[in-house]
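Below: one structure, written as C-alpha cells.
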Amino acid sequence: MTKAKKLIEVAMPIKEISAESVRDKSIRHGHISTLHLWWARRPLPVCRAVIFASLVPDPLDPECPQAFCDAVQDLLANNPLYAPYPDIPYTSIYDPMPDNLRNRLLMFIGKFSPACQKNMLAGKTTPSKD
C-alpha cells in the first residue's frame, strides 16, 4: 500500500501566504517575537502553512483516505469563502483554477480572517489579535 502525497508536495498558495507574512512582519507589539531582541522575526503564517500542508494529504490523490476527503467536503465544499477566485494563479487566463477539494484546501490555508480581508480591501490595518 502506498501513501498519499502530502499537500505540500503538490501545491501551496504562495501569494496569500506571502501577503499574510508581510502583515505579520509589521506587527511591533503583541507579537511573541517582540518579547526579546535576540529572537529572529520568522514569518509565523508561513511556518503554520508549511506545517499544515506537510501534515495533510492531497485530497485528489487516489491513495488519500476517504474519511479525510469526506471531512474536507463537509467543512469546505459548501462555504463560498473557500471557493477559488479568478486571480489565482497569476496565469488564471491561461490556467484557470478549478473548484475541487485540493483548491478548496489551498484556499483554506491561504485565507486570512474575515476581519483581515475586510480591512485589507478597505486599506486599513488589522490588529494582531484578529
> Taking atom CG of Leu7 and atom CZ of Phe52, what is their separation to the nearest 0.5 Å?
Replying inline: 7.5 Å

> Can you list the steps and then say if Phe68 with Leu105 is a side chain to side chain contact (heavy atoms under 4.5 Å, CB included)?
Replying inline: CA-CA 11 Å; Phe68 180 77; Leu105 197 55; 3.9 Å; yes

> Say you draw a straight line from NZ of Lys3 to SG of Cys64; how long is it, rounded to the nearest 0.5 Å?
Replying inline: 13.5 Å

>> Restricting to non-hydrogen atoms, name the atom on Leu101 and the atom on Gln73 that form the minimum distance, rounded to 0.1 Å.
In response: CD2-OE1, 3.3 Å

>> Strictly by side chain to side chain donor-acceptor pair (under 3.5 Å), give each pair with a member in residues 101-110 just once, sequence neighbours left out.
In response: Asp58-Arg102, Asp99-Arg104, Asn100-Asn103

>> Quick one, Val56 and Val72 - any side-chain contact, counting heavy atoms below 4.5 Å?
In response: no

>> Grouping I, L, V, M, F, W and Y whenever their side-chain heavy atoms are under 4.5 Å apart, do Leu106 and Val46 come out in a common cluster?
In response: yes

>> Could you measure the distance from the CD1 atom of Ile51 to the CD1 atom of Ile109? Nearest 0.5 Å is fine.
In response: 12.0 Å

> If you group Ile, Leu, Val, Met, Phe, Trp and Tyr by side-chain heavy-atom gaps below 4.5 Å, do Val10 and Phe108 land in one group?
Replying inline: no

>> Which residues pass the salt bridge (charged side-chain N to carboxylate O under 4.0 Å, His left out) test with Asp61, not counting sequence neighbours?
In response: none

